[in-house]
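The structure under discussion appears below in the form of structure tokens.
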Amino acid sequence: MFVVAGDNDFLVHVAVPSIERLHAFLMDRLSQRREIVGFQTVVIFQRTGAPIVAQLPPTTAATASTVTGMRASGGPDRRGR
């Protein structure tokens, strides 16, 4: 689990044997927690390229992408929910 900045509060990276098991994890484990008010899922079908990303020059702004982002309760998100 990672605490992140942006639209989501947390990033959870999970490995599952099937889409059905992913669905079960999301429904049985995440959706049952009161402090999680929503989540989104991105599925990685294939990994390509080098396992290590080359270091960016110091003046280049880096951006991050999420695998599964969750917004915890405690205040409205950017859409006012």
Side-chain angles (χ1 to χ4, degrees):
M1 179 181 293
F2 305 90
V3 177
V4 296
D7 289 344
N8 298 303
D9 296 321
F10 301 98
L11 168 69
V12 177
H13 189 178
V14 298
V16 292
S18 67
I19 294 295
E20 291 78 15
R21 293 291 297 271
L22 174 62
H23 182 261
F25 171 76
L26 295 172
M27 295 298 107
D28 298 341
R29 302 295 296 273
L30 292 185
S31 68
Q32 301 302 314
R33 299 192 61 95
R34 294 185 345 209
E35 64 269 34
I36 297 176
V37 296
F39 55 86
Q40 64 186 42
T41 303
V42 175
V43 176
I44 300 170
F45 290 108
Q46 181 179 10
R47 181 176 147 189
T48 61
I52 298 174
V53 177
Q55 186 174 5
L56 296 174
T59 58
T60 302
T63 59
S65 61
T66 62
V67 176
T68 297
M70 297 180 297
R71 182 148 190 79
S73 62
D77 65 14
R78 66 185 179 121
R79 293 176 302 260
R81 294 188 233 171

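In this text the structure is predicted, and so the values were computed from the model without any measurement.
- Between V3 and F10, the closest side-chain pair of non-hydrogen atoms falls below 4.5 Å.
- Looking at residues two or more places apart in sequence or on another chain, you find no side-chain hydrogen bond (donor to acceptor under 3.5 Å, both in side chains) involving R21.
- Partners of R29 according to the salt bridge (charged side-chain N to carboxylate O under 4.0 Å, His left out) rule, which considers only residues two or more places apart in sequence or in another chain, do not exist here.
- Of all heavy-atom pairs between Q32 and M27, the closest is NE2-O, 3.3 Å.
- Interatomic distance, L22 CG to T41 OG1, rounded to the nearest 0.5 Å: 5.5 Å.
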